[in-house]
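All figures in this text were calculated on a predicted structure; none of them were measured in a lab. These numbers come from the heavy atoms of this one structure, side chains and all, not from hydrogens, waters or symmetry mates.
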Amino acid sequence: MTPEYINENITLYQNEGSLAYGTDAFLLSAYMRRQTKEKAAEFGAGSGVISLLAMARAKFKHVTAFEVQKNIAEIAVKNVEINGFSEKIAVVDSDIRDLPHIYNGAFGAVFSNPPYMTAQSGKLNTNEADSASRHEMNGGISDFAAAAAKLLKYGGLFYAVYRPDRLSELLCACAENGLEPKRMTLVYPTENHVPCLVLLEAKKNGGHGIFVTKPLIIYQSGKPQTNENYTDDMKYIYENGAFHELYQRL
C-alpha cells in the first residue's frame with residue numbers, strides 16, 4: 001500500500017481496490033459541529049478518514065470508529081497510529097447492527113458515510129471490500145439510523161451524507177427512530193447540475209422543524225472541475241475544515 005497525503009496533513013493508507021477517500025467524506029467531516037466535550041461514534045469507518053479529519057480539527061473529545069470488515073478495520077488502526085491519534089480514536093471491528101449495550105446512550109454524536117446502493121442495485125464489484133462499502137451488504141440506512149438512535153444520548157446529533165435520489169429513505173429511517181432532521185444541505189457539482197450529495201443533521205428526540213440551507217456548489221460553472229476552480233463556499237470549507245456560518249443555524 002502506498003500512502004496518500006490529504007487534508008490536515010493526514011497520512012492515509014487504504015486497501016487496494018476499496019472505496020477511495022472522496023468529496024463525500026471530506027464534506028461530512030466539515031459539516032459536523034464542534035462538540036469538544038462529547039464522545040462521538042462513526043459507523044462504517046473504512047480507513048478511518050472521517051474520524052481522523054474530525055479529530056485533527058478537534059471536533060470531539062473522542063471517537064469510536066466501528067468497521068465490520070476486519071481487514072479494513074486493521075488499516076484504520078494503522079492510520080490512527082501513524083497519525084498520532086491512538087488516544088483519541090478507538091477502532092472497533094464490529095457490526096453496527098449487533099453492538100453491545102455498553103454503548104447505548106454513550107455518545108453525543110454519531111456520523112456515517114453509509115453505503116448508497118442497495119444489495120440488489122448495480123453490479124457488485126469483484127473486490128469484496130469495495131462492494132461492501134458501496135452496497136448495503138451489512139445493513140441499510142434503516143439499520144444505521146436505528147443503531148445511531150441507540151448509541152446517542154438525549155439530544156445527540158446524527159450526521160449522514162447520502163444520495164439525493166434516496167433522500168426519502170434517509171428521512172423515513174430517521175423519523176422511524178426518533179431522529180428529527182434539523183439541518184440539510186444539497187450539494188451540486190456546479191450550478192448547472194442536479195445535486196450529487198445530500199448532507200443531513202438530525203437530533204435525537206428533537207422538536208419538529210428543519211433548516212434547509214442554501215445549496216453548496218462545488219465548482220464554478222464553465223471551468224474545469226479542479227481545486228483551483230472551487231466556489232467561494234467550497235474554498236471556505238477547504239481552508240477552515242467547516243462550513244460557513246450561513247450553513248449553520250444553532
Side-chain angles (χ1 to χ4, degrees), residues 14-15 18-19 21 24-25 28-29 31-32 35 38-55 59-60 62-77 79-80 88-120 128-154 156-163 166 169-181 198-205:
Q14 297 187 96
N15 186 51
S18 65
L19 192 61
Y21 164 61
D24 48 0
L28 179 60
S29 70
Y31 202 66
M32 298 184 291
Q35 298 173 265
E38 297 286 0
K39 295 178 181 179
E42 180 180 8
F43 291 167
S47 64
V49 62
I50 304 177
S51 291
L52 288 166
L53 287 169
M55 293 312 302
K59 294 214 168 184
F60 304 109
H62 185 273
V63 173
T64 302
F66 296 99
E67 172 52 51
V68 69
Q69 300 180 84
K70 183 176 179 59
N71 61 321
I72 304 300
E74 290 173 350
I75 294 173
V77 170
N79 285 330
V80 168
K88 294 288 187 178
I89 301 173
V91 179
V92 178
D93 174 19
S94 181
D95 190 322
I96 57 97
R97 296 169 295 182
D98 190 32
L99 296 176
H101 295 301
I102 59 170
Y103 292 116
N104 288 5
F107 300 96
V110 172
F111 54 92
S112 182
N113 180 7
Y116 295 163
M117 302 174 69
T118 66
Q120 295 77 32
E128 182 179 352
D130 189 48
S131 291
S133 298
R134 296 178 186 275
H135 295 78
E136 297 174 337
M137 299 172 63
N138 297 296
I141 191 59
S142 293
D143 298 301
F144 279 70
K150 290 180 181 178
L151 268 60
L152 285 170
K153 61 176 64 175
Y154 186 93
L157 299 175
F158 174 55
Y159 296 95
V161 57
Y162 213 52
R163 275 180 24 173
R166 298 193 66 192
E169 295 172 70
L170 173 60
L171 295 176
C172 286
C174 287
E176 290 168 357
N177 291 283
L179 302 172
E180 184 66 27
V198 60
L199 293 157
L200 185 74
E201 174 190 82
K203 188 174 185 178
K204 183 175 179 178
N205 303 118

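Taking both residues in full, the closest heavy atoms of Ile96 and Asp143 are given as CD1-O, 3.7 Å, listed atom of the first, atom of the second, then distance. For the pair Pro181 and Leu179, the tightest heavy-atom approach, listed with the atom from each and the gap, is CD-O, 3.3 Å. Shortest non-hydrogen contact noted between Ser142 and Asn177 is O-ND2, 4.0 Å. Residues Arg166 and Pro115 approach most closely at NH1-O, 4.5 Å, considering heavy atoms. When every heavy atom of Glu169 is checked against every heavy atom of Ile141, the shortest pair comes out as O-CG2, 4.1 Å. In terms of heavy-atom proximity, Ala54 sits nearest to Met32 at CB-CE, 4.0 Å.
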(request) Please assess Val49 against Asn79 for the test side chain to side chain contact (heavy atoms under 4.5 Å, CB included), listing each intermediate value before the final yes or no. (result) CA-CA 8 Å; Val49 62; Asn79 285 330; over 6 Å; no
(request) Kindly indicate, with the supporting measurements, whether the criterion side chain to side chain contact (heavy atoms under 4.5 Å, CB included) is fulfilled by Phe43 and Leu151. (result) CA-CA 11 Å; Phe43 291 167; Leu151 268 60; 3.8 Å; yes
(request) Test Val77 against Asp93 for side chain to side chain contact (heavy atoms under 4.5 Å, CB included), laying out the working first. (result) CA-CA 10 Å; Val77 170; Asp93 174 19; over 6 Å; no
(message) The test is side chain to side chain contact (heavy atoms under 4.5 Å, CB included); show your working for Val63 and Met55 and say whether it passes.
(response) CA-CA 8 Å; Val63 173; Met55 293 312 302; 3.6 Å; yes
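Going from atom CD1 of Ile50 over to atom CG of Leu28 covers 4.5 Å, rounded to the nearest 0.5 Å. Distance check, rounded to the nearest 0.5 Å: CD of Glu180 to CG of Leu171 gives 9.5 Å. Distance CZ/Phe158 to OG/Ser112: 6.0 Å, rounded to 0.5 Å. Separating the CZ atom in Phe107 from the OG1 atom in Thr64 is a distance of 4.0 Å, to the nearest 0.5 Å. Atom SG of Cys174 is separated from atom NZ of Lys203 by 14.5 Å, given to the nearest 0.5 angstrom. Taken from CD in Glu42 to CD in Glu67, the straight-line distance is 8.5 Å, to the nearest 0.5 Å.
With hydrogens and angles ignored, the 3.5 Å screen pairs no side-chain donor or acceptor of Lys204 with any backbone N or O of Gly105. When atom types are taken as modelled, the side chain of Gln69 and the backbone of Asn71 share no donor-acceptor pair closer than 3.5 angstrom. In this structure, the side chain of Gln14 engages the main chain of Tyr21 through a donor-acceptor pair within 3.5 Å.
In this structure, the ring of Phe144 has its center no less than 6.0 angstrom from the ring center of Tyr162.
Partners of Gln35 according to the side chain to side chain contact (heavy atoms under 4.5 Å, CB included) rule, which considers only residues two or more places apart in sequence or in another chain, are Glu38, Phe60, Ala109, Leu157, Tyr159.
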